[in-house]
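Heads up, the thing below is written out as structure tokens.
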Amino acid sequence: KLSGTPAEIGKENGAPCMFSRDLAVRFGTADCVADHNARGYLGTPLKASDGKVVGVLCALSELPRVFDEEEIRIIELFAHYAGKQFEEHL
């Protein structure tokens, strides 16, 4: 369930999404935030070869965190490969 989570925004935008702090203020009822005491978030969509978003790959941080451009590129690379694997095994 992505509704009401930070992943929902990344999925809708089709692009990486980052929140560096205060996740609980915006997404406090989301299990992924509450269960992990998350304060920082970086997520990017998993896309099939046709561009359709089939999921979201994310990283959570218990501390406020600004992810740098290299970390964003790395999660995008992982998401690219994960999207391909997801599609191949459907």
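The chain is numbered in sequence order, starting from 1.
The side-chain heavy atoms of Lys11 and Leu2, taken from C-beta on, include a pair separated by under 4.5 Å. Under the 4.5 Å side-chain criterion, counting only non-hydrogen atoms from C-beta, Val33 is in contact with Pro6.
Distance check, rounded to the nearest 0.5 Å: CG of Asn37 to CD of Glu62 gives 5.5 Å. The SG atom of Cys17 lies 8.5 Å from the CG atom of Leu42; values are rounded to the nearest 0.5 Å. Summarising the geometry, atom OG belonging to Ser20 is positioned 11.0 Å from atom CZ belonging to Arg65; distances are rounded to the nearest 0.5 Å. Between Asn13 atom CG and Glu8 atom CD the span is 10.0 Å, to the nearest 0.5 Å. Asp35 CG to Leu60 CG: the interatomic distance, rounded to the nearest 0.5 Å, is 10.5 Å.
For the residue pair Ala48 and Val54, the shortest heavy atom distance occurs at CB-CG1, 4.1 Å. Summarising the geometry of Gly14 relative to Val53, their closest heavy-atom pair is CA-CG2, 4.5 Å, with the distance given to 0.1 Å. In terms of heavy-atom proximity, Pro45 sits nearest to Pro16 at CD-N, 4.1 Å. Heavy atoms only, all atoms of each residue included: Ala38 and Leu23 are closest at O-CB, 3.6 Å.
When the side chains of ILVMFWY residues are joined at heavy-atom separations under 4.5 Å, either directly or via intervening members, Phe78 and Leu46 end up in a single hydrophobic cluster. Grouping the Ile, Leu, Val, Met, Phe, Trp and Tyr side chains by contacts below 4.5 angstrom, directly or via other members, places Val66 with Ile74.
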task = Would you sort out whether Tyr41 and Ser61 count as a side chain to side chain contact (heavy atoms under 4.5 Å, CB included), showing the intermediate values?
result = CA-CA 6 Å; Tyr41 171 91; Ser61 174; over 6 Å; no

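In terms of modelled atom types and a separation under 3.5 Å, the side chain of Lys47 and the main chain of Lys84 share no donor-acceptor contact. In terms of modelled atom types and a separation under 3.5 Å, the side chain of Glu12 and the main chain of Ile9 share no donor-acceptor contact. Looking at Glu76, its side chain never comes within 3.5 Å of a backbone N or O of Thr44 through a donor-acceptor pair. Between the side chain of Asp22 and the main chain of Val25, no donor-acceptor pair closer than 3.5 Å is present.
Side-chain atoms of His89 and Gln85 form a donor-acceptor pair, as typed in the model, at a separation below 3.5 Å.
The number of heavy atoms from other shown groups lying within 6.0 Å of CD (Glu70) does not exceed 12.
Note on ring orientation: taking the six-membered ring where Trp is involved, the planes of Phe19 and Phe27 are perpendicular (angle over 60°, cut-offs 30° and 60°).
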